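Have a look at the structure below before the remarks.
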Amino acid sequence: MKIIDFFLISSLLFSISRAESIASVFFIDSSTHQFLRAPSSNDVSQSEPMLSPEVGATASVLLGFPPPITLSAAGSSKLNEVLISNPFDRPRAVFMLEVSGVDDPLVVGPKNALFHKALKCSVGLGSSKVDIQLPDEEQVSVISLDEPLRDYPEEEINDFASWLGGSYVPDATKPLHGILAIPLENGDNVNLHMSKKVHREFASKLFALSHNIRKAMQMHEDLSQALHRPAELIVGSFDGIKALQEQQDADGFDKLGMRLLLATLPKIFDSLQTAYEGQIVGVFVFNGTYQPGSKPLINVMFTSRPSPRWLAETKIPTNTTLAAQVLVRRTLAWITGVVLLIATLLGVYFLLNMPLTRDTLLYSNVKLD
């Protein structure tokens with residue numbers, strides 16, 4: 001009986017671990033170009049889940065780089081289900097954001113136009129991260145969205161509210177303690193009371209995300225002036241929802257925070273579409289079961305491609321190889337030295353024994369009596 005209970009508990013833990021290792025990824029195509037396959041009733045969301053390396057390989061291909069050589073044949077077929085078949089038509093710019101604390105945005109906002117028209121698939125995370133393998137840093141510009149915004153004036157809050165079509169009412173008694181009101185698609189408003197710590201911390205994460213997006217667009221404008229423009233990866237994570245869920249005094253505000261975030265993301269992507277003139281694709285990874293305190297799921301890796309000579313010089317020789325190299329070098333040195341010595345002696349001998357006659361080339365202009 002104990003053995004049966006053990007197997008039942010093991011199977012239950014296994015099923016729970018498998019359920020916890022599933023995330024959702026949404027691929028958002030450009031508004032003016034088609035870089036992804038159009039969603040259909042038989043799209044990748046109905047097939048087997050993608051793996052984390054396959055999501056990272058998709059981002060690498062969208063940036064214009066080949067997928068990792070470790071990608072399996074099944075992974076390559078998964079990429080073909082997401083990307084169009086033309087390898088010469090890539091956006092070379094990707095906006096990739098991980099959102100922890102949300103399983104599926106369509107459950108929170110079923111009428112959200114950005115994710116409703118996206119190509120959706122599930123991702124089996126397992127124990128691996130979404131590794132994006134990139135070549136040398138000179139070929140790609142990685143812009144991080146994880147830089148926190150330590151200080152923000154009320155002008156920043158006003159600009160953010162106006163950008164989302166909302167308003168900010170400041171507090172006359174204390175600065176940065178007003179009320180931020182943001183309208184949603186269904187006509188409701190989300191009111192952020194900046195005097196409350198929970199609301200203020202969540203709002204600061206939204207401000208930081210918006211601020212870093214503007215910095216990324218400014219950097220893109222500078223990079224577009226370069227003669228050889230590199231590929232651009234805008235990558236980051238948003239843990240504001242997860243932070244709300246961990247708060248004891250959130251009072252159900254995490255649900256409103258999700259709706260506010262889902263109202264902000266379309267605005268962000270529309271701004272990027274305008275700045276990049278449609279040459280950008282969005283990849284959103286929603287991970288509702290990511291453990292607190294863990295590192296971000298998306299990991300950027302640079303894999304430089306050294307030359308064959310560099311590879312040969314960095315090989316560690318064995319003792320046998322070193323002995324053979326020394327023997328060959330000494331043998332060549334002795335042979336070269338002996339040949340040069342013999343040639344020198346023969347040259348001196350023939351020069352000293354050269355006959356002094358009129359037809360001698362050496363003394364052809366000398367008159368001899």
Side-chain angles (χ1 to χ4, degrees), residues 21 23-28 35-36 50-72 75-76 78-79 82-83 90-100 121 123-149 205 208-220 222-224 226 228-240 242 265 268-269 272 275-276 279-287 290-291 293-306:
S21 62
S24 300
V25 59
F26 288 78
F27 297 95
I28 315 294
F35 301 109
L36 307 173
M50 297 180 71
L51 300 179
S52 300
E54 296 167 0
V55 179
T58 304
S60 300
V61 174
L62 287 170
L63 291 171
F65 305 113
I69 59 176
T70 56
L71 187 67
S72 62
S76 299
K78 281 292 183 182
L79 264 63
V82 175
L83 306 172
R90 303 301 184 200
R92 289 181 55 79
V94 174
F95 169 49
M96 196 165 187
L97 183 68
E98 174 197 354
V99 180
S100 57
C121 65
V123 182
L125 300 178
S127 59
S128 60
K129 293 180 176 292
V130 179
D131 292 330
I132 306 175
Q133 299 186 20
L134 303 174
D136 193 85
E137 297 184 20
E138 296 181 356
Q139 302 182 39
V140 57
S141 173
V142 179
I143 306 170
S144 176
L145 300 176
D146 295 336
E147 183 179 355
L149 185 63
K205 293 182 180 294
L209 179 61
S210 174
H211 180 77
N212 292 329
I213 286 292
R214 291 198 300 269
K215 287 178 59 177
M217 292 189 293
Q218 181 61 44
M219 188 174 295
H220 165 71
D222 298 336
L223 292 174
S224 61
H228 300 287
R229 186 173 71 87
E232 298 179 49
L233 174 62
I234 306 173
V235 60
S237 60
F238 185 85
D239 59 351
K242 195 68 177 178
L265 293 180
I268 290 177
F269 192 67
L272 291 173
Y276 283 78
Q279 295 291 328
I280 189 171
V281 168
V283 181
F284 295 88
V285 181
F286 291 91
N287 185 10
Y290 202 49
Q291 297 299 324
S294 302
K295 294 182 179 180
L297 186 64
I298 303 173
N299 182 36
V300 180
M301 305 170 56
F302 287 98
T303 56
S304 58
R305 301 175 181 176

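Quantities reported herein were computed from a predicted structural model and do not represent experimental measurements. Count residues from 1 along the sequence.
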Worksheet item: Can any side-chain N or O of S60 pair as donor or acceptor with the backbone N or O of Q133 at less than 3.5 Å?
Response: yes

Discussion item. Could you report the tightest heavy-atom contact between R92 and R229, atom names first, then the distance?
Written reply: NH2-O, 3.4 Å

Worksheet entry | Residue pair G56 / V130: nearest heavy atoms and the distance that separates them | N-CG1, 3.6 Å

Fill in: From F35 atom CZ to L62 atom CG, the distance as rounded to the nearest 0.5 Å
9.0 Å

Worksheet item: Atom CD of E98 and atom CG of N299: how far apart are they, to the nearest 0.5 Å?
Response: 11.0 Å

Worksheet item: When you measure from the side chain of T303 to the backbone N and O of P135, does any donor-acceptor pair fall under 3.5 Å?
Response: no

Fill in: From L272 atom CG to H220 atom NE2, the distance as rounded to the nearest 0.5 Å
9.5 Å

Discussion item. Just so I know, are the side chains of T58 and F27 near enough to count as touching, which here means a heavy-atom distance under 4.5 Å?
Written reply: yes

Discussion item. I want to check something: taking the side chain as every heavy atom from C-beta on, are I298 and S237 in contact at a cut-off of under 4.5 Å?
Written reply: no

Response to the item:
Exactly one candidate in R214, K205, K215 meets salt bridge (charged side-chain N to carboxylate O under 4.0 Å, His left out) with E147; the answer is K215

Response to the item:
Between V235 and V300, the two heavy atoms sitting closest are CG1-CG2, 4.2 Å

Worksheet item: Any idea which heavy atoms bring L79 and P67 closest together, and the distance?
Response: CD2-CB, 4.4 Å

Worksheet item: Do side-chain atoms of N212 reach the backbone of S144 as a donor and acceptor pair under 3.5 angstrom?
Response: no

Fill in: Rounded distance (nearest 0.5 Å) linking atom CD of E54 with atom CG of D131
13.0 Å

Worksheet item: Are any non-hydrogen side-chain atoms of V285 and V123 less than 4.5 angstrom apart?
Response: no

Worksheet item: Stepwise, does the side-chain contact (heavy atoms from CB on, under 4.5 Å) test hold for V142 with I132?
Response: CA-CA 11 Å; V142 179; I132 306 175; over 6 Å; no

Practice prompt. Report the C-alpha separation of L83 and R90 in whole Å, then their side-chain angles, then the decisive distance to 0.1 Å, and conclude whether the side-chain contact (heavy atoms from CB on, under 4.5 Å) test is met.
Written response: CA-CA 9 Å; L83 306 172; R90 303 301 184 200; 3.9 Å; yes

Worksheet entry | Min side-chain heavy-atom separation S141-L223 under 4.5 Å | yes

Worksheet item: Applying the ring pair (Phe, Tyr, Trp, His ring centres under 6.0 Å) test to F26, which of F286, F284, F269, F95 qualifies?
Response: F286

Worksheet item: Any idea which heavy atoms bring V55 and M50 closest together, and the distance?
Response: N-CE, 4.1 Å

Worksheet item: Rounded to the nearest 0.5 Å, how far does CD1 of I234 lie from CD1 of I268?
Response: 10.5 Å

Fill in: Shortest non-hydrogen separation from V281 to P91 and the atoms involved
CG2-CG, 3.7 Å

Practice prompt. Mind checking the OG-CG spacing from S100 to L297? Nearest 0.5 Å is all I need.
Written response: 9.5 Å

